[in-house]
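Just so it is clear, the values below take in all heavy atoms, side chains as well, and ignore hydrogens, waters and symmetry mates.
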Amino acid sequence: MNEISNAELVVLNLLWQRGTLTSTQAVEALQQTDAGKDWHEKTIKTLLSRLVKKQAIGFEKQGRGYCYFPLMEQERYQRQACQSFIDRLFSGRLAPLVAGFAKDHTLTAEDAAELQKLLDDWKDNNS
């Protein structure tokens, strides 16, 4: 997986939310967000171009413009990005990450219940 920058991820999230957009629609939508409000049209088109080169999005020529659409599913990207993060920071081990949240008291009772259910389901499927 090619590394996607934070700015590129803002653009990709927009396409995941809205589907296919022309470059003009993408520019208008991104300039209305907190993250993209100061971005110039050229900056956004550069980000779209980078995402095309990284094969995260595709495009079709439509008249004098282009329509962009995601090639990568959001869930698939999230799984790959999470695994990459865990591999880099925790040598592939998930427990130290969760332990850090528990120690800092940012792990809520709801989170703990969801994690417990996931673990129980995992145990049932792998026994």
Practice task
Measure across Gln32 and Glu28 and return the closest heavy-atom pair with its distance rounded to 0.1 Å.
Solution key: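 That would be CG-O, 3.3 Å.
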If you look only at distance, which donor and acceptor atoms sit under 3.5 Å apart when one is on a side chain in residues 115-124 and the other is two or more places apart or in another chain?
unit_1 : atom_1 : unit_2 : atom_2 : d
Gln116 : NE2    : Asp120 : OD1    : 2.9
Lys117 : NZ     : Asp121 : OD2    : 3.0

In a table with atom names and distances, give each donor-acceptor pair under 3.5 Å that connects a side chain of residues 86-98 to protein atoms at least two apart or in another chain.
unit_1 : atom_1 : unit_2 : atom_2 : d
Asp87  : OD1    : Gln83  : NE2    : 2.7
Arg88  : NE     : Ser84  : O      : 3.4
Arg88  : NE     : Ser84  : OG     : 3.4

Without placing hydrogens or testing angles, list every side-chain donor-acceptor pair under 3.5 Å for residues 7-14, not counting sequence neighbours.
unit_1 : atom_1 : unit_2 : atom_2 : d
Glu8   : OE1    : Ser5   : N      : 2.8
Glu8   : OE1    : Ser5   : OG     : 3.4
Glu8   : OE1    : Lys54  : NZ     : 2.7
Glu8   : OE2    : Lys54  : NZ     : 3.2
Asn13  : ND2    : Leu9   : O      : 3.2

Handout entry: Those residues that, when tested against Gln55, pass side chain to side chain donor-acceptor pair (under 3.5 Å) (two or more places apart)
Key =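 Once residues adjacent in sequence are excluded, Gln55 has no partner under the side chain to side chain donor-acceptor pair (under 3.5 Å) criterion.
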Problem - Distance in Å, Arg76 CZ paired with Gln78 CD, rounded so as to fall on 0.5 Å steps - result: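 Those atoms lie 12.5 Å apart.
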Handout entry: Residue of the set Thr46, Asn2, Leu71, Ile4 for which side chain to side chain contact (heavy atoms under 4.5 Å, CB included) holds with Leu51
Key =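 Result for side chain to side chain contact (heavy atoms under 4.5 Å, CB included) with Leu51: Ile4.
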Exercise for the section: Could I get the full list of salt bridge (charged side-chain N to carboxylate O under 4.0 Å, His left out) partners for Arg79, not counting sequence neighbours? Expected result: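 Result, salt bridge (charged side-chain N to carboxylate O under 4.0 Å, His left out) vs Arg79: Glu75.
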Practice task
Apply side chain to side chain donor-acceptor pair (under 3.5 Å) to Thr33 and list each qualifying residue two or more places apart in sequence or on a separate chain.
Solution key: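 With neighbours one apart ignored, the set is empty.
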Handout entry: All pairs passing salt bridge (charged side-chain N to carboxylate O under 4.0 Å, His left out) where residues 36-52 contributes a residue, at least two apart
Key =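 Pairs touching residues 36-52 that pass the test: Glu41-Lys45.
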Handout entry: hydrophobic_cluster_shared for Leu107 and Phe85, side chain cutoff 4.5 Å
Key =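 Yes.
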Practice task
Please name all residues satisfying ring-ring contact (aromatic ring centres under 6.0 Å, His included) with Trp16, sequence neighbours left out, ordered by chain then number.
Solution key: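 So Trp16 forms a ring-ring contact (aromatic ring centres under 6.0 Å, His included) with Tyr77.
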Less than 3.5 Å apart, which donor and acceptor atoms pair up between the side chains of residues 59-70 and the rest of the protein, not counting sequence neighbours?
unit_1 : atom_1 : unit_2 : atom_2 : d
Lys61  : NZ     : Gly63  : O      : 3.3

Handout entry: Pairs flagged by salt bridge (charged side-chain N to carboxylate O under 4.0 Å, His left out) wherever residues 100-110 is involved - sequence neighbours left out
Key =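 Applying salt bridge (charged side-chain N to carboxylate O under 4.0 Å, His left out) to every pair that reaches into residues 100-110, excluding sequence neighbours, yields nothing.
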Problem - Partners meeting side chain to side chain contact (heavy atoms under 4.5 Å, CB included) with Gln17 (sequence neighbours left out) - result: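 Side chain to side chain contact (heavy atoms under 4.5 Å, CB included) check on Gln17 returns nothing, list empty.
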Handout entry: Distance (rounded to the nearest 0.5 Å) between Asp111 CG and Phe101 CZ
Key =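 Rounded to the nearest 0.5 Å, the CG-CZ separation comes to 9.0 Å.
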Handout entry: Gln31 side, atom CD; Thr43 side, atom OG1 - distance, nearest 0.5 Å
Key =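 Result: 9.0 Å between the selected atoms.
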